[in-house]
Participant: 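My structure is below; once you've seen it, I'll send some questions.
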Amino acid sequence: MSDIVTVTLPDGSQKEAPRGTRVADFVREKIGAGLAKAAYVARLDGEPVDLSRPLDRDVRLEVVTTRNPEALTVARHDAAHVMASVVQKLYPGTQVTIGPSIEDGFYYDFARENPFTPEDLERIEKGTNEAIALDQPFLREEVSMAEALALFERLGEGYKVEIVKDIAARGAKTLTLYRHGDWVDFCLGPHGPSTGRIGVVKLTSVAGAYWRGDPKNPMLQRIYGTSFFSKKELDEWATRLEEARKRDHRKLGPALGLFTFHPYAPGAAFWLDKGTTLYHLLGDAMRRLTRKNGYLEVKTPLLFNKKLWETSGHWGKYRENMFLVVDSETDEKLPLEDRCTQSLKPMNCPSHHLLYAMQKRSYRELPIRYHTQDVLHRNEASGTLSGLTRVRQFQQDDAHIYLAESQIVEEVRSLVRQIDVVYKAMGLSYTAKFSTRPEVKLGDDATWDRAEAALKGALDAVGLPYEVKPGEGAFYGPKIDFDVTDSIGRKWQLATIQLDYLAPERFDLTYVGDDNAEHRPVVIHRAIYGSFERFLAILTEHFAGAFPLWLAPVQARVVTVSDRFNDWAAEVAARLEAEGFRVELDHTSEKLGAKIRDAQLQKIPFTVVVGEKEVEARGVSPRRRGGEDLKTMPLEAFVELLRKEGATPY
RNA sequence: GCCGACAUAGCUCAGCUGGUAGAGCAACUGAUUCGUAAUCAGUAGGUCCCCAGUUCAAUUCUGGGUGUCGGCUCCA
């Protein structure tokens, strides 16, 4: 074996080094001091490793510098280690569990009697940054499982012992330990070179979290934090948070007169007039879109006998999420549960299935598409409610499509196009996820083959990029989910297209084919907005309350320069209203500047100024939200402008 | 539901260690009649989330509830 190894760099160039040279030394000596300084971790043949690892074979080497987001992920994991070491120093007796990097930061779960207070958090944050300043190297060490077990047993780390045993049970022979200072944890790594390279740590919150995410397990104390390589980046992050806070639909909604909540109805919104307008605009747009695509809009009962839920399977698995209703005609002596013979519907699908099954269906009718915007109730756990994104009462732009298997490709292709139209109109970019058969599933492989091929074929036909999620489909069929990205880069899962082979079985749905025999249809569940509530929350934050003209609850506000011009202003408002535009008139005795400011704060798309000039010209001077002055124009020209710019995009 | 924090005027917030509350904006009234992000003056507005308890006295301390927020679990 040669004492020299060949290292291939990402640009294809090759360099040689003595076997056993540490990556860090190689980079500094053979590539450059600058890169060595910026390096955080490295990849050897694609595998992430510490810079202290030796080059023991011919390898491809990539240096991961602090400019690479991957390095930040590692640094945050480093930060979690350092924080855990500080916590154990400050609060002896606290046990450590796990502490990974997450999007935007890290957390670490601790086992201890008393929760951390905000003051504790400050103390820990200060201690963590001080520990970072000590600049202790991260040292990697491989030990046998037995040694590891003995180590953590000696340290009294019960949770760690449990994890080590699990890892051993999965057949691992050795465990890697990482030390900094006198603190030790086991960890796959990699870690950065030393604590000093982590940068700045900011702790954000404490929260309870179940051990291994299971409510049956003890509750641990989780500390969330984040870190950045520089103070500047930390400040930028804080600014972004502030920006998101300003857009929070829970603040903007009430401020813009869209919706509000009352303690007597947790999880159910009061829709104020402007919010109701928005709600209807979205609903009507979806009605047009579905009608154009061959859907039938139907409404089904809100309250159903439990027999429906027994048929659908919800009574068994979903009952605790349903609002049960006592039937007053049942025997009062019966236990409450037996008197609850009805439930508010938590979803529309079962009632659509009933509708389908009420008549004999022919293959000539398929696909049959039912669209419903009814009110749904789900009894969500109180602690999970949040603004409009998580409510107990909501409406979906729900639809179920009953079709023959041979029609799936064409139908999904149409659906993907509809989704594209809606999200493009909102300026939401999106990506698709395609989830295939899970391990526990219904139906035979041939059916799954056809179903997956149909979904995939439709995605390919539309040319939509998608990520495959193997095994993540529902047990009753594969699905496509759509993630949208809003204007400040946050992702939300919205639309879904699910193939369902189970429901037609449970409800015994059939159609008569051209062979005069009975066949099973397939059901597609689809929603594009998801729920109106959540979609409006997302849109409010995405647009920061400044809705596009076609959605704006008030499209124009007519403001007078003084009350001498009230008559013409009223005529202008009346004319715009007659054209179907949503208009307000501000003829208070405020100064023009104040009226404009008020209209801006309400995020109204057009402020229409009416004064001396306009009265003479029988015109208006519109000003766009944001400040652009369109100068004086004839009233009819403005009507035309609104008509053109305010057209509904779908 | 579980863990933690919070709850004062419509909104944003003040109110040392217990002595029944204040500001700015909004609202209302009057004056002002004004040209593209705040005219001036005045008035009114509070069961300090609710229910118990401790105390001579509770917005303040204790307990219980409700709601909200951040997480866990769950999810449109």
Side-chain angles (χ1 to χ4, degrees), chain A residues 102 107 109 112 114-121 204-224 245 248 250-251 254-255 257 260-267 318 320-321 346-348 376 378-398 481 492-496 525-538 559-566 587-602 607-614 621-632:
Chain A
I102 51 172
Y107 69 79
D109 284 345
R112 79 191 290 259
N114 301 315
F116 296 104
T117 65
E119 292 72 41
D120 292 333
L121 214 60
T204 50
S205 64
V206 281
Y210 301 112
W211 167 235
R212 297 191 157 164
D214 189 332
K216 289 195 280 289
N217 286 337
M219 174 85 54
L220 305 172
Q221 299 302 322
R222 175 172 297 181
I223 298 182
Y224 281 93
R245 204 184 59 78
D248 192 328
R250 292 169 302 194
K251 302 298 288 180
T260 187
F261 286 90
H262 190 278
Y264 288 176
Y318 202 73
E320 61 184 38
N321 276 301
M347 40 190 78
N348 295 303
L376 304 175
R378 296 185 189 172
N379 195 359
E380 303 292 351
S382 56
T384 65
L385 302 178
S386 175
L388 283 181
T389 53
R390 194 84 165 119
V391 288
R392 287 183 172 148
Q393 179 194 309
F394 59 101
Q395 291 169 235
Q396 294 180 315
D397 60 324
D398 206 3
D481 292 312
W492 306 87
Q493 189 180 311
L494 282 184
T496 181
H525 303 250
R526 64 114 257 193
I528 298 180
Y529 299 156
S531 77
F532 285 83
E533 279 71 8
R534 201 155 81 93
F535 195 54
L536 271 168
I538 293 164
V559 302
T560 51
V561 175
S562 90
D563 58 15
R564 291 189 290 126
F565 316 113
N566 281 358
H587 53 59
T588 58
S589 67
E590 283 295 334
K591 289 166 70 168
L592 182 61
K595 294 186 190 187
I596 287 187
R597 178 168 191 271
D598 191 51
Q600 288 297 304
L601 291 176
Q602 286 296 307
T607 307
V608 181
V609 176
V610 168
E612 182 99 50
K613 275 187 301 187
E614 291 74 22
S621 295
R623 175 195 203 270
R624 279 185 202 276
R625 177 173 58 204
E628 190 195 349
D629 185 352
L630 298 183
K631 308 296 180 207
T632 308

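Labels below follow one simple rule: chain letters A, B, ... track the order of the sequence lines, proteins then strands, and each chain is numbered from 1.
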Participant: Which nucleotides of nucleotides 59-71 of chain B have their base under 4.0 Å from a protein heavy atom (B), which only their sugar-phosphate (S), and which neither (-), written as one string 5' to 3'?
Facilitator: --------SSSBB
Participant: Tell me if the side-chain of A:Ser589 makes a donor-acceptor pair with the base of B:U33, cut-off 3.5 Å, by modelled atom types.
Facilitator: no
Participant: Would you mind pulling out the nucleotide paired to B:C2, Watson-Crick or G-U wobble, both distances under 3.5 Å?
Facilitator: B:G71
Participant: With a 4.0 Å cut-off on heavy atoms, is A:Lys595 in touch with a base, just the backbone sugar-phosphate, or nothing at all?
Facilitator: nothing
Participant: Using a heavy-atom cut-off of under 4.0 Å over every strand shown, decide if A:Gln396 touches base, sugar-phosphate, or nothing.
Facilitator: sugar-phosphate
Participant: In whole Å, I'd like the distance from the CD atom of A:Glu628 to the P atom of B:A37.
Facilitator: 14 Å
Participant: Looking for any heavy atom pair under 4.0 Å, which part of the strands does A:Gly611 touch: base, sugar-phosphate only, or nothing?
Facilitator: base
Participant: Suppose you measure atom C1' in B:U55 against the same atom in B:U20; what distance do you get, rounded to whole Å?
Facilitator: 15 Å
Participant: I need the A:Ile538 CD1 to A:Leu388 CG distance, nearest 0.5 Å.
Facilitator: 10.5 Å
Participant: Taking the C1' atom of each, how far is B:G15 from B:G53, in whole Å?
Facilitator: 25 Å
Participant: Considering only NZ, NE, NH1 and NH2 on the basic side and carboxylate oxygens on the acidic side, decide whether A:Asp248 and A:Arg250 come within less than 4.0 Å.
Facilitator: yes
Participant: Send over the distance from A:Arg390 CZ to B:C72 C1', rounded to a whole Å.
Facilitator: 13 Å
Participant: For B:A37, take OP1 and OP2 only and decide whether either is under 4.0 Å from a side-chain N or O of A:Arg623.
Facilitator: yes
Participant: Using heavy-atom distances to pick each residue's nearest nucleotide on RNA chain B, tell me which of A:Leu220 and A:Val609 is more 5'.
Facilitator: A:Leu220
Participant: Closest to the A:Glu590 side chain: B:G35, B:U39, B:C34?
Facilitator: B:U39
Participant: Which sits closer to the 5' end of RNA chain B, A:Glu380 or A:Ser562, going by the nucleotide each is nearest to?
Facilitator: A:Ser562
Participant: Looking at every strand, decide which applies to A:Thr117 at a 4.0 Å heavy-atom threshold: base, sugar-phosphate, or nothing.
Facilitator: nothing
Participant: Nearest 0.5 Å, what's the CE-CG distance between A:Met347 and A:Leu376?
Facilitator: 8.0 Å
Participant: With sugar-phosphate meaning primed atoms plus P, OP1 and OP2, does A:Val559 contact a base, only sugar-phosphate, or nothing at under 4.0 Å between heavy atoms?
Facilitator: nothing
Participant: Answer yes or no: is there an ion pair linking A:Asp629 with A:Arg623, defined by an N-O contact shorter than 4.0 Å?
Facilitator: no
Participant: Testing the basics here: between A:Pro622 and A:Lys631, what is the closest heavy-atom pair and its distance to 0.1 Å?
Facilitator: CD-O, 3.5 Å
Participant: Taking atom types as they are modelled, would you say the side chain of A:Arg534 forms a donor-acceptor pair with the base of B:A76 within the 3.5 Å cutoff?
Facilitator: no
Participant: Under 4.0 Å between any heavy atoms, over every strand shown, what does A:Lys251 touch: base, sugar-phosphate, or nothing? Just pick one.
Facilitator: sugar-phosphate
Participant: Taking any strand in view, what nucleotide pairs with B:C13 in a Watson-Crick or G-U wobble way, both distances under 3.5 Å?
Facilitator: B:G22
Participant: Can you tell me which nucleotide in B:A37, B:C34, B:U36 comes closest to the side chain of A:Val561?
Facilitator: B:C34
Participant: Please report the distance, rounded to the nearest Å, between CG in A:Asn566 and P in B:U33.
Facilitator: 15 Å
Participant: Any base atoms under 4.0 Å from A:Ala381, or only sugar-phosphate, or nothing? Heavy atoms, all strands.
Facilitator: base
Participant: Can you see which heavy atom on A:Arg526 is nearest to which on A:Asp397, and at what distance?
Facilitator: NH2-O, 2.8 Å
Participant: Say you pick atom C1' in B:U47 and the same atom in B:U39; how far apart are they, in whole Å?
Facilitator: 38 Å
Participant: Between B:U33, B:U73, B:C3, which nucleotide has the shortest distance from any of its atoms to the side chain of A:Gln221?
Facilitator: B:C3
Participant: Please state how far atom OH in A:Tyr107 lies from atom P in B:C72, giving the value in whole angstrom units.
Facilitator: 8 Å
